[in-house]
Amino acid sequence: MNCSTCQPLLSVYVDDALRTDERAAVEQHLRGCVECRALAQDLSSIRLAAGSLEPLIPSPHVWHRIAAAAETQTRASGFQPRWFNWRPVAAVAMTAVLAAGLWRVGTLLQPDDNTDAGPQVAEVIESDPEAHYTLAIARLEEVTSADQDVLDQETAGAINAGLTVIDEAITESRAALRSEPESESAQESLFAALRRKVALLQETLGLINEMRTGNQAGAARILSEINR
Amino acid sequence: MRGAATPSSPAADLELAQRCGRGDPDAFEQLYRAHAGRLYTLIVRMVASAETAEDLLQEVFLTAYRKVSNFRGDSSLGTWLYRMAVNHCLDYLRGRQNKMARTTDSIDEEGMVEPAAVAPLVASAISRLDLERAIERLPDGCRTAFVLHDVEGFEHHEIATMLGISEGTSKSQVHKARMKLRVILKGGLAVSPRVMSAQAGRV
């Protein structure tokens, strides 16, 4: 065995998963080769260090986004549980999304019964995500703009500046898609920008909620996430 | 299978799933609190971006919320969510592949310099932050196998099934990742390809 036949086996060697005969051959080579011995030591160290990496923690605002989006989903499916009463403003917004969502689904599916709308709605959302995002954005914008007076001028300005940047990205992505309708990267950029807009509007909504209920700490936390 | 180990009883999982399916907000939050950390940790390292990981974590939990009524307890809720997270990551990486391919490959091959004869790497002396950053800089293909094997603790045959590749490919991808990490950790690559390509591709 030489270095070029030994080295590709070294990861499996340090994992202690080589066949007995291969292992013996590798060990015989390692006894006489400083370079391969150093490589084996490094690979083993990397494996050990990787295995002891610490868990990472998602930012607290992720849960707020998920909770608000889950509520949208719940309403859009026509299912109305006792859901997130602690977000009155969001509830209003999501009711609006529900109304618009059912209208759109109605025009797409022309349903003749109302007994099993849930799965159909979900399928429509999955098959036409852009429509889903656009709809959610429109309704969120309606509610956030109606309630923006709760926010101070500086905060509202910062949020609007963020929205302008995202809108520019949306416009650019749409233009790119028009010239290259099959472009996956343009499609992906458009969805990414739409997702960012939904997220920012959801955070704005959360902020408005916290300001209304006088939760300064909650508002400050969301604000720092928005400014991030 | 270290990556999927979650301490919960089948009965407790099934009850939590049923409560989520009925739209119980406390149950859904409980599901999130119990599993978000582990899933987020996996996703961040798989996709090499905290921002993308947050979006994907949201997608995973919303998909779970939509489908939780179908959960029958064949596996633990943790495993069920974990598989969903892996699949979301793979879908995302496949979508990103085309866009990233050219940048990653050129830096992948040309930017690598054999490390000079410096001191050997010692596991306890490798800073976690350096290692996290080095993992971010790996090409998607070998990073995925490396994260699942060395960080998450899966066996090659499990990774082969998850990624739809052969066991041999999983082994060679993990080896490739470790070789690249060695170069990066020993200072053989001066510029981060991920940062460069992220800047180049920013909308």
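Order of the sequence lines sets the chain letters (A, B, ...), proteins ahead of strands, with each chain counted from 1.
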Side chain, backbone, both or neither: which part of A:Arg195 has a heavy atom under 4.5 Å from chain B? side chain
Of the listed residues (B:Val44, B:Asp55, B:Thr52), which shares the most heavy-atom pairs with chain A below a 4.5 Å separation? B:Asp55
Value rounded to 0.5 Å, distance of NE2 in B:His149 from OG in A:Ser11: 9.0 Å
Part of A:Val14 lying under 4.5 Å from any heavy atom of chain B: side chain
Non-hydrogen atoms of chain B under 4.5 Å away: do they reach the side chain of A:Gln187, the backbone, both or neither? neither
For A:Ala70 and B:Tyr65, the nearest pair of non-hydrogen atoms, with its separation, is O-CE2, 3.6 Å
Region of B:Leu57 in contact with chain A, defined by heavy-atom distances below 4.5 Å: both
CZ (B:Arg19) with more than 12 external heavy atoms under 6.0 Å: yes
Check: B:His175 side chain, A:Gln7 main-chain N or O, donor-acceptor pair, under 3.5 Å: yes
To the closest 0.5 Å, what do you measure between CZ (B:Phe28) and CD1 (A:Ile66)? 6.5 Å
What pair of heavy atoms forms the shortest contact from B:Ala123 to A:Leu48, and how long is it? CB-CB, 3.7 Å
Taking the side chain as everything from C-beta on, heavy atoms only, tell me whether B:Phe61 gets closer than 4.5 Å to A:Val62. no
A:Ile57 versus chain B, the contacting section by heavy-atom distance below 4.5 Å: backbone
Between CD on residue A:Glu188 and OH on residue B:Tyr92, distance to nearest 0.5 Å: 6.0 Å
Between B:Arg182 and A:Asp42, does any NZ, NE, NH1 or NH2 come within less than 4.0 Å of an OD or OE carboxylate oxygen? yes
Would you call A:Leu53 and B:Arg45 a side-chain contact if the rule is heavy atoms closer than 4.5 Å? yes
Apply the side-chain contact (heavy atoms from CB on, under 4.5 Å) test between B:Met179 and each candidate in A:Leu10, A:Ile46, A:Leu43; give the one that qualifies. A:Leu43
Okay, B:Ile126 and chain A: the region with an atom under 4.5 Å from a heavy atom over there is side chain
For residues B:Glu132 and A:Leu56, determine if any side-chain heavy atom of one lies less than 4.5 Å from a side-chain heavy atom of the other. yes
Heavy-atom closest contact (A:Pro58 atom, B:Tyr40 atom, distance): N-CD2, 3.4 Å
When every non-hydrogen atom of A:Arg196 is compared with those of B:Glu51, the smallest separation belongs to CD-OE2, 4.1 Å
Any idea which heavy atoms bring A:Arg47 and B:Asp150 closest together, and the distance? CA-OD2, 3.7 Å
Minimum heavy-atom distance A:Ser52-B:Arg128, with the two atoms named: O-NE, 3.6 Å
Under 4.5 Å from any heavy atom of chain B, what part of A:Leu39 do you find: side chain, backbone, both or neither? both
Count the heavy-atom pairs under 4.5 Å between each of B:His156, B:Arg33, B:Arg178 and chain A, then report the option with the highest count. B:Arg178
Residue pair A:His61 / B:Glu54, side-chain donor-acceptor N/O under 3.5 Å: yes
